[in-house]
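Everything on this sheet refers to the single structure shown next.
Every heavy atom of this structure was used, including side-chain atoms; hydrogens, water molecules and symmetry mates were not. Remember, it's a predicted structure, so these values are computed and weren't measured experimentally.
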There are 2 protein chains.
Amino acid sequence: MQQRCNKVFMVNLLKSKNISETPFRKEVLEIFSKYNNAIPLSIVEKELKKYNRITLYRTIKVFLEKGIIHKITISGEDSNYAICQEECNTDAHRHQHIHFKCKKCKTIYCVEINEFPAITLPNYKVEQLEIQATGLCENCNV
Amino acid sequence: MQQRCNKVFMVNLLKSKNISETPFRKEVLEIFSKYNNAIPLSIVEKELKKYNRITLYRTIKVFLEKGIIHKITISGEDSNYAICQEECNTDAHRHQHIHFKCKKCKTIYCVEINEFPAITLPNYKVEQLEIQATGLCENCNV
DNA sequence: TCAATAAATGCAACAACGTTGCAATAAAGT
DNA sequence: ACTTTATTGCAACGTTGTTGCATTTATTGA
Ligand SMILES: [Mn+2]
Ligand SMILES: [Mn+2]
Ligand SMILES: [Zn+2]
Ligand SMILES: [Zn+2]
């Protein structure tokens with residue numbers, strides 16, 4: 001697994017995606033990479049030294065478009081965001097992982113999965129699956 | 001399969017859920033039951049004779065709480081709603097179906113599925129799965 | 001059937017979340 | 001260092017959804 005939690009990696013990530021490296025973007029990226037789970041904007045906001053709502057929205061938008069982060073939408077929850085583990089780009093965010101929400105600690109994890117399930121539906125052509133699971137996470141499953 | 005598309009059924013549904021039957025609610029219910037796919041509020045709005053934004057929101061909320069409809073949230077899309085096919089209630093909306101979005105016609109279907117996949121994750125306790133699929137629907141899969 | 005009661009509706013006002021135009025500022029390329 | 005290009009931040013706006021309150025409608029039961 002690639003190391004994704006240091007400043008050198010951050011800057012390279014921005015460079016590799018062809019977006020200019022600004023203090024704001026680096027800081028946001030560091031916040032994301034510090035967590036090993038998905039986080040809502042409210043957390044990013046709190047952790048930012050200098051917070052500007054509009055710039056944050058625009059930063060998130062750029063990161064989404066460039067495949068740096070992906071968005072996790074669970075009904076009734078704030079949107080959550082997490083760093084992309086695989087190589088993603090604007091069009092394709094194919095992840096071999098599921099999104100797991102712990103009922104107890106409410107954390108949302110991106111969980112890698114090796115045997116990704118397949119579904120066949122008569123008359124339909126299924127091309128992609130997105131799976132959200134709920135239950136108890138590693139920490140809460142005592 | 002139960003017949004879910006006539007006025008008698010509608011009224012019984014409202015009665016059985018212990019909510020009073022008003023013209024507005026009956027009309028909304030008829031719109032939902034007329035479609036065999038999930039629809040956003042914009043469609044409900046257009047089909048209503050007399051549309052009131054606030055009353056619609058409140059109606060939707062009640063229908064959700066009573067397990068008459070369920071909400072389908074797909075990232076980047078308007079929320080969609082569909083009549084519940086099984087017996088649902090406030091707490092439990094367990095459906096043995098997936099949500100399928102057709103890439104071509106953009107329709108979102110609730111598709112019943114008999115062999116619902118299972119997932120096991122080391123150290124996690126997986127209790128529930130929610131699956132969203134994309135591809136081509138019956139009509140577009142030529 | 002009709003009055004009493006309880007619930008739903010609709011208006012105004014508000015709040016959260018997100019976007020856009022534009023001027024000021026900072027980063028990149030030469 | 002200077003020019004060009006992109007980002008930032010402010011003000012203003014749009015959309016989605018909510019709440020308080022008065023009015024209207026549905027339900028109950030005498
Ligand atoms: Mn993920
Ligand atoms: Mn459904
Ligand atoms: Zn947990
Ligand atoms: Zn289709």
Side-chain angles (χ1 to χ4, degrees), chain A residues 7-8 10-32 38-66 68-81 90 108, chain B residues 7-8 10-32 38-66 68-81 90 108:
Chain A
K7 295 201 183 194
V8 178
M10 278 347 130
V11 171
N12 286 340
L13 184 55
L14 292 173
K15 272 202 170 67
S16 75
K17 300 288 184 177
N18 257 304
I19 57 177
S20 45
E21 42 169 302
T22 66
F24 195 97
R25 285 175 178 168
K26 280 190 272 185
E27 209 190 340
V28 172
L29 213 44
E30 274 163 41
I31 293 166
F32 276 119
I39 52 173
L41 292 192
S42 56
I43 287 188
V44 181
E45 172 191 332
K46 274 183 217 111
E47 301 228 0
L48 279 169
K49 291 188 208 81
K50 187 166 141 295
Y51 163 64
N52 181 278
R53 206 174 65 94
I54 292 136
T55 308
L56 180 53
Y57 277 126
R58 281 200 268 231
T59 302
I60 293 298
K61 208 176 195 180
V62 171
F63 284 7
L64 286 172
E65 284 165 1
K66 296 288 180 173
I68 293 173
I69 59 174
H70 62 284
K71 188 179 186 174
I72 298 149
T73 311
I74 298 181
S75 183
E77 315 258 340
D78 295 357
S79 290
N80 278 258
Y81 302 87
T90 312
I108 294 169
Chain B
K7 295 201 181 190
V8 178
M10 278 347 132
V11 171
N12 286 340
L13 184 55
L14 292 174
K15 273 202 170 68
S16 75
K17 300 287 183 178
N18 257 302
I19 57 177
S20 45
E21 43 168 302
T22 66
F24 196 96
R25 286 176 177 167
K26 281 190 272 184
E27 208 189 340
V28 172
L29 214 43
E30 273 164 43
I31 293 166
F32 276 118
I39 53 173
L41 292 192
S42 57
I43 287 187
V44 181
E45 172 190 333
K46 273 183 220 112
E47 301 228 0
L48 279 168
K49 291 186 209 84
K50 186 166 143 293
Y51 162 65
N52 179 277
R53 208 174 64 92
I54 292 138
T55 307
L56 181 54
Y57 277 125
R58 282 201 266 231
T59 301
I60 293 299
K61 209 177 194 180
V62 170
F63 284 7
L64 287 171
E65 283 166 1
K66 296 290 178 171
I68 292 173
I69 60 174
H70 62 284
K71 188 178 185 173
I72 298 150
T73 311
I74 298 181
S75 183
E77 315 259 339
D78 294 357
S79 289
N80 278 259
Y81 302 86
T90 313
I108 295 169

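Atom NZ of B:K26 and atom P of D:dT25 are 14 Å apart (whole Å). For the pair A:R58 CZ and D:dC10 P, the computed distance is 11 Å after rounding to whole Å. For A:Y51 and D:dT8, the OH to P distance is 14 Å, given to the nearest whole Å. Distance A:E21 CD to D:dT8 C1': 16 Å, rounded to the nearest Å. A straight line from CG of B:N52 to C1' of D:dG17 spans 13 Å, rounded to a whole angstrom. In this structure, B:I60 atom CD1 and D:dT18 atom P are separated by 11 Å, rounded to whole Å. Taking atom NZ on B:K15 and atom P on D:dT27, their separation rounds to 7 Å, with Å as the unit. Atom CG of B:L56 and atom C1' of D:dT18 are 14 Å apart (whole Å).
Put simply, chain A comes within 4.0 Å of DNA chain C, heavy atom to any atom, from C:dC17 to C:dA28, going 5' to 3'.
Closest contact between the side chain of A:T59 and the listed nucleotides D:dT8, D:dT19, D:dT27 involves D:dT8.
Mapping A:S20 and B:R53 onto DNA chain C by nearest heavy atom places B:R53 closer to the 5' end of the strand.
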> Between B:L48 and B:F24, does a side-chain contact (heavy atoms from CB on, under 4.5 Å) hold up when you go through it step by step?
Replying inline: CA-CA 8 Å; B:L48 279 168; B:F24 196 96; 3.9 Å; yes

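When heavy atoms are screened at a 4.0 angstrom cut-off, B:R25 is found touching the sugar-phosphate backbone but no base atom.
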